[in-house]
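Bear in mind that the values here come from a model prediction, so they are computed numbers and not experimental data. Sequential numbering from 1 along the given sequence is applied to the chain's residues.
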Amino acid sequence: MSKELISGAEALMRSLRAEGVDTIFGYPGGAIMPVFDALYDYTRPENPIFNHILVRHEQAAAHAAEGYARVSGKVGVCLVTSGPGATNTITGIADAMMDNTPIVVIAGQVGVAALGSDAFQEVDLVGITQPISKWSYQIRRPEDVAWAVSQAFYIASTGRPGPVVLDFPKNAQVNKFEYEPKHIDFIRSYNPYPKPTDESVKQAADLINQSKKPLVLVGQGVELAEARKEMTEFVEKAGLPFASTVLGLSALPSSHPLNMGMLGMHGNLGPNVKTQEADLIIAVGMRFSDRVTGRPSTYAKQAKIIHFDIDKTEFSKNIRADVTVLGNCKETIPMVTALLEKNSHSAWAESFKPYDKEEFDKVISKEVHPTDGPIKMGEVISKVTEATQNKAVLVTDVGQNQMMGVRYFKYSEPRSVVTSGGLGTMGFGLPAAIGATFGAPDRMVCFFSGDGGLQMTIEELGTIMEQKAPVKIILLNNNYLGNVRQWQEMFFNHRYSFTPMMNPKYDLIAKAYDINYSLVTDRSQLDNEIQKMVNTPGAYLLEVAVIEECDVLPMTPPGASVNEMVLEIKR
């Protein structure tokens, strides 16, 4: 009995369905048209298998897939054409690689016979993306579609997650073959879940039991492993104070009594100073980014360092580790917890409080509770998180809005921080927020942006309009490229070279896209307009005129040690 003959494009649809895909972010074009033709039958209103979200730019398709993946824990899918359609996704692919976000980008390509001829809209996508993806592969035959798709999803979602690229020549889309489903759950030489050694687990537990001043650094790996319960039991059993990286902020609740705050250049004063006093640093699922370590040569020289990670290439890459525990932290953390003595480091935890008070008095009180003058970014963010009972998803663009956002938003639910960490991609926020509304349709998505970042992907307001994506956009408008302006103020003698920004009339733009809009220019309006935004169904653009020359503080200056934080800037 012969098997069914189908096209490679149809095989792609069946393979995506087998992987549990429900949402695709894409933009059609010539070299991917056979796939979009097959997609037509899978998106019929009477029996939709996939929800295809037509974005307005391919970069936005990749970022939307990232936002979807970050809040849902699933693999985001992006479907684009060849040439510029494919190259427009490069920023999103690089962003996903830096931030360990599982997405699969499927791009059309000229037929195999035309490869290398400089055919119309031909580009070597595999060559371009190999350095910035976990796997990049060209599907040259329809017979290879099923296993390539299954392998792509397996690689993207397992181990340390990341982006995978499938380049799909046109002949492989249209030619027919005898389809046979494939399921990949093993690849020779690829070991996504390495097993820890008993020795490393015991060494880690011994160091923790002996420690007098331990500090846990919680990274995004805890979130990716869905190890909130395991981490909670770990820190509570031994009474371990912890602080989080930007991408790890929602791994444990903001309100947890052992939570000392945020690490890094614009993190909280206490955990940064105390890093230089701790006798033990316990890093879990984080990579010792330069934004966390400050000057590496002076970072925590007094401390022993334990590093938990699923990727052994991170061990001693930036900061030398004394003990390394390789494996999925959902598995390794409980193994160590079982060997820990019940303990409390209450005096050590209490020693953070004077720094918390100093930061509150010099920075937070002035930012969150100003009594006069222009509206501050921090007070807007603080009021929004309060209005959502700290249960919303925070999405930010990049810049001052990002650092203020992660500092002053509060987190009670996991997978609540969607921001571009490693690559720092302006324009990331709006499409990522759209993706987040599809990845977590039962949660409110609050997107904070500056005027610079919003205008980089402002065309995606059209996607919001068409899809009725309920993004709450809070535009913190200071008429500057704020973060660059702050650095120009601090390090370039106030020479504001091309950072002042002329803005359009956002009320007219919102009206054109049929999006609810409010403008706040006075502090007395703020509470009512935020509540109005929260209570209004659907998308909303709340523009807030904030202080123009604001500064994100505290700040560890470039080249400084983490404890050399600046709390005030004298003008």
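- A distance of 6.0 Å or more separates the ring centres of W135 and Y190.
- Residue S250 is tested with E223, R415, Q220 for a side chain to side chain donor-acceptor pair (under 3.5 Å); the sole match is E223.
- Panel note: side chain T425, backbone F428; no donor-acceptor pair is recorded below 3.5 Å.
- In this structure, the ring of F36 has its center less than 6.0 angstrom from the ring center of H52.
- We find that E489 and R485 are joined by a salt bridge, their nearest charged nitrogen and carboxylate oxygen being less than 4.0 Å apart.
- Considering only heavy atoms from C-beta on, C550 stays 4.5 Å or farther from Y480 through its side chain.
- Using cut-offs of 30° and 60° on the angle between ring planes, the pair F409 and Y411 is tilted.
- Using a 4.0 Å cut-off between charged nitrogen and carboxylate oxygen, D309 and R287 do not count as a salt-bridge pair.
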**Item:** Stepwise salt bridge (Lys or Arg N to Asp or Glu O under 4.0 Å) test for D41 and R44
**Value:** CA-CA 6 Å; D41 291 328; R44 290 181 177 275; 3.3 Å; yes
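- Between the Q455 side chain and the D451 main chain, a donor and an acceptor come within less than 3.5 Å of each other.
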**Request:** Start with the C-alpha distance between R160 and E314, add both sets of side-chain angles, then the distance that settles salt bridge (Lys or Arg N to Asp or Glu O under 4.0 Å), and finish with yes or no.
**Result:** CA-CA 11 Å; R160 184 176 181 173; E314 289 299 333; 2.8 Å; yes
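- Within the 3.5 Å criterion, the main-chain N or O of R140 finds a donor-acceptor partner in the side chain of N171.
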**Item:** Step-by-step side-chain hydrogen bond (donor to acceptor under 3.5 Å, both in side chains) determination, T463 to E460
**Value:** CA-CA 5 Å; T463 307; E460 297 311 312; 2.6 Å; yes
**Message:** Evaluate M403 against V406 for side-chain contact (heavy atoms from CB on, under 4.5 Å), listing each step before the verdict.
**Reply:** CA-CA 5 Å; M403 291 297 98; V406 294; 4.2 Å; yes
